[in-house]
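Numbers restart at 1 for each chain; the letters A, B, ... are given by sequence-line order, proteins then strands.
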Amino acid sequence: MPLILRLALPSPLRRLFDYLPPKGVVEEQLRPGVRLRVPFGRREVVGVLIEVARETEVPPDKLRKALQLLDERPPLPSALFELCQWSAQYYQHSLGDTLSWALPALLRQGEPAERRLQRFWIAQPDARPEDPRLARAPRQREALKTLRQHPHGVLHELLGQLGLVKDSLDLLQAKGLVTVETRYHQPTRHQGSWLAQAELPLNSEQRLAYEAVRAGSGFHCHLLEGVTGSGKTEVYLQLIRATLEAGRQALLLIPEINLGPQTLGRFEQRFNARIALLHSALTDRERMDIWLAARDGELDIVVGTRSALFTPLKHPGLIIVDEEHDASYKQQEGLRYHARDLAVVRARFENLPVVLGSATPSLESLHNADQGRYAHLRLSLRAGGAQPPRFERLDVRSRPLDSGLSQPLLKAMGATLERGQQVLVFLNRRGFAPTLLCHDCGWLAQCPRCDARMTYHRGSGELRCHHCDQRQTPPRHCPSCGKLDLRPVGAGTERAEERLQLLFPDVPVLRIDRDTTARKDALGKLLRTIHSGVPCILVGTQMLAKGHHFPKVTLVAVLDADSGLFSADFRASERMAQQIVQVAGRAGRAEEPGQVLIQTHLADHPLMVQLAEEGYPAFARQALQERRAAGLPPFAYLALLRADAHRQDQVENFLEAAYHVAEGLAVNLALPQVELLGPVPAPMERRAGRHRAQLLLQSSSRAPLHRLLGIWVVQLESLPEARQVRWSLDVDPIDLF
DNA sequence: AGCACGCCGACT
DNA sequence: GTCGGCGTGCTC
């Protein structure tokens with residue numbers, strides 16, 4: 001019997017494919033984890049060997065021969081390979097596709113798993129621009145000066161960017177003033193201490209947290225709940241220093257915002273270490289070089305967003321997930337993994353400590369801490385004894401609103417500006433107005449492709465759908481009754497900006513949202529104005545809630561907090577509270593506590609009261625109780641089957657069929673814990689011209705749910721109704737849309 | 001998911 | 001006459 005190679009292939013199909021070995025390849029070379037190029041249908045793909053078997057169910061006429069063995073040894077270390085297998089299983093995703101998400105693009109295209117040697121131009125240490133041989137060679141002199149500013153050398157490909165000309169360098173090389181080195185492109189480190197800069201002293205709470213993480217050995221998980229300004233980052237830095245001293249590598253995950261450069265800067269100042277930042281602008285080659293360097297132990301610290309979780313580490317010592325509550329850790333397509341949850345799984349597999357940090361922890365993590373699964377560490381003291389911001393509910397029931405702004409709020413803003421301080425207005429809604437309304441007949445500007453209103457953008461003079469990016473010029477007459485009285489209703493950031501500029505003509509009003517920061521460095525320019533300290537008003541969306549610090553802002557106004565309290569999504573209130581607290585955290589400085597005014601029509605709502613009067617921890621307690629009472633996560637486990645299609649009946653048929661299969665499984669497998677809710681139309685039934693619906697599975701415990709899911713998805717794949725729809729299964733969905 | 005095959009509308 | 005629309009069938 002010949003050898004049978006069982007491969008995971010980059011395909012959504014949740015099964016392995018069997019092949020015969022390529023010509024001339026012997027059994028010893030076929031180690032699980034190596035890549036092979038194989039014919040697949042009418043194309044060639046790269047697969048990963050899962051196992052070598054002696055027999056196969058596949059009829060011999062279908063069995064094909066693999067084309068080429070691509071690796072001598074498996075490129076993916078076994079710990080990570082196991083993490084991928086676990087993830088594929090947990091998220092009910094195809095293993096081959098899961099591996100594709102984890103491997104650098106070049107590896108899944110079949111490139112050799114080798115780093116690229118590159119040429120670097122380096123000035124000799126004793127080369128001086130004053131060298132007499134350069135007295136009559138001004139261009140060489142300039143080139144040498146430029147090169148001397150780069151002690152690690154300049155990549156050959158980047159010479160042009162620095163205005164360096166190869167001819168000058170060749171001449172300098174001939175004089176022995178410049179050399180070319182061929183080596184890997186990677187950060188370097190000098191001999192000696194890991195610290196390039198002294199550490200800040202830790203306060204008592206920080207020290208406790210630091211020591212708690214250091215005290216354990218092997219896997220343990222810590223929830224570090226630290227209010228803004230309490231110095232979480234310093235704790236991270238010192239934990240990383242201790243990790244480096246132990247000869248190990250650290251992995252830091254950050255949310256998907258532009259905080260990478262800022263974080264990297266801080267790390268580079270602090271450490272004499274080899275640090276890499278994984279960000280979206282990297283080329284495939286750069287990404288693979290970092291991946292390989294980390295795997296081979298040639299990087300000390302890896303910083304990156306969600307997908308960086310899959311970076312292999314030769315000597316892993318610590319994983320930190322910063323802002324662990326942030327929704328960007330959940331991937332919303334393909335393999336729908338949650339990087340925070342997988343970080344904990346990975347730490348368990350690799351026997352490491354993991355730290356989840358946030359000022360506003362997710363209810364999931366708080367619950368895990370309550371259950372004793374995570375150690376709960378708290379940082380409540382602000383640096384320099386700064387006072388926490390004061391929260392005030394501003395009841396706007398029966399108060400007239402002027403472009404979404406109430407009189408008391410405007411008064412408070414005026415007073416703040418008069419004192420020479422800055423005001424931040426938080427409004428999580430872009431555009432001028434959420435919709436256009438005909439005052440005569442009630443017609444609303446509706447997106448033709450979605451069940452949603454179109455937002456009116458005055459700046460660009462168009463109606464835009466924020467769900468499918470449909471754009472059109474607003475009608476002059478009402479399309480329904482022909483009258484001319486079309487009015488923008490409600491207020492977005494654009495309208496708030498315009499109105500505030502009218503009301504406060506003497507101060508700049510800076511709008512910060514996706515529309516005003518689309519151009520490169522537009523955000524940087526706005527931030528520089530803010531940091532110059534002039535009194536001004538910032539109007540912005542959640543972009544303002546993340547990362548930045550505005551010491552001159554002493555008043556934060558939250559305009560539309562209510563939407564979080566009556567949304568259909570059970571997580572809306574948690575998100576709203578996190579956003580409010582995060583925005584509030586941007587404000588204030590040591591001497592001057594910030595003031596936070598929350599405009600609301602629901603001033604008596606228990607969650608609102610808790611948040612404003614007692615802060616986030618009390619809010620979270622209250623919200624957790626409500627979740628428990630309602631049997632919602634984290635007290636229950638969810639899986640959501642989503643489907644969409646051109647025709648509504650196709651979606652219905654598929655979900656009905658899926659329902660019956662699941663119902664049958666629940667009975668046959670005796671899994672009464674698993675409840676089926678639906679199928680129901682999605683909260684937005686039509687989006688981008690497609691009909692959407694979903695089926696929710698809810699269970700009081702995880703094991704029965706997963707038992708059912710594993711069998712269910714395989715059956716869904718072969719359902720004839722499935723061919724007419726696009727469907728996906730979301731395990732632990734974070735939003736039900 | 002790709003990719004090809006296959007059968008019906010407006011055009012270089 | 002053909003280019004190309006997306007239905008449907010398959011991938012060891």
Side-chain angles (χ1 to χ4, degrees), chain A residues 1-23 25 27 30 32-70 84-85 87-88 91-110 284 307 331-337 449 641-654 657-658 686 688-692 713-731:
Chain A
M1 190 69 198
L3 294 177
I4 301 294
L5 311 185
R6 206 146 279 162
L7 301 188
L9 301 184
S11 146
L13 301 169
R14 290 167 179 83
R15 60 190 121 116
L16 302 179
F17 293 86
D18 293 353
Y19 285 87
L20 296 168
K23 261 207 305 283
V25 170
E27 188 166 5
L30 294 167
V34 296
R35 295 171 300 150
L36 293 117
R37 195 184 297 282
V38 296
F40 187 56
R42 268 150 273 237
R43 63 210 161 106
E44 285 178 16
V45 298
V46 173
V48 175
L49 181 63
I50 303 302
E51 59 173 344
V52 178
R54 293 277 160 189
E55 51 197 349
T56 173
E57 319 251 281
V58 179
D61 57 316
K62 284 202 160 179
L63 206 55
R64 298 168 79 178
K65 190 184 283 186
L67 300 166
Q68 188 191 3
L69 177 66
L70 294 167
C84 288
Q85 290 199 300
S87 306
Y91 291 107
Q92 304 297 341
H93 199 75
S94 121
L95 177 58
D97 204 48
T98 303
L99 288 164
S100 301
W101 285 100
L103 289 172
L106 292 181
L107 285 187
R108 54 180 197 260
Q109 286 158 23
D284 287 346
S307 61
Q331 173 138 321
Q332 297 288 27
E333 54 173 349
L335 174 68
R336 294 171 173 261
Y337 67 99
R449 308 169 68 215
L641 180 67
R642 290 177 235 258
D644 67 63
H646 290 116
R647 293 205 326 265
Q648 195 179 352
D649 61 302
Q650 296 172 320
V651 186
E652 275 169 20
N653 292 342
F654 169 69
R686 220 161 52 88
R690 296 178 69 92
H691 291 271
R692 309 154 73 229
V713 268
V714 175
Q715 300 194 9
L716 290 183
E717 246 171 30
S718 51
L719 230 43
E721 291 88 343
R723 283 206 302 265
Q724 275 128 25
V725 303
R726 265 194 336 218
W727 64 273
S728 67
L729 183 70
D730 193 348
V731 176

Within the sub-3.5 Å range, which N or O atoms of nucleotides 5-11 of chain C have a protein N or O partner, and how far apart are they?
{"unit_1": "C:dG9", "atom_1": "OP2", "unit_2": "A:Arg723", "atom_2": "NH2", "d": "3.0"}
{"unit_1": "C:dT11", "atom_1": "OP1", "unit_2": "A:Lys62", "atom_2": "NZ", "d": "2.7"}
{"unit_1": "C:dT11", "atom_1": "O3'", "unit_2": "A:Gly41", "atom_2": "N", "d": "3.1"}

Under 3.5 Å: donor-acceptor pair, side chain of A:Tyr91, backbone of A:Gly334: no

Distance, rounded to the nearest Å, where A:Glu44 contributes CD and B:dC3 contributes P: 12 Å

From CG (A:Leu5) to CG (A:Leu63), nearest 0.5 Å: 9.0 Å

Side-chain donor or acceptor of A:Arg37 paired with backbone N/O of A:Glu44 under 3.5 Å: no

Side chain proximity check, A:Arg108 to A:Val46, heavy atoms < 4.5 angstrom: no

Separation of C:dC12 P from A:Ile50 CD1 (nearest whole Å): 17 Å

Min side-chain heavy-atom separation A:Arg642-A:Asp644 under 4.5 Å: no

Side chain proximity check, A:Arg336 to A:Ser728, heavy atoms < 4.5 angstrom: yes

Spacing between A:Leu9 atom CG and C:dC12 atom P, to the nearest angstrom: 8 Å

Carboxylate-amine/guanidinium proximity below 4.0 Å for A:Glu27 and A:Arg54: yes

Gap between atoms CZ and P, on A:Arg726 and B:dA1 respectively (whole Å): 8 Å

Side chain A:Arg64, main chain A:Gly41, donor-acceptor under 3.5 Å: yes

Under 3.5 Å between N/O atoms: give me all the protein pairs with nucleotides 7-9 of chain B, atom names plus distance.
none

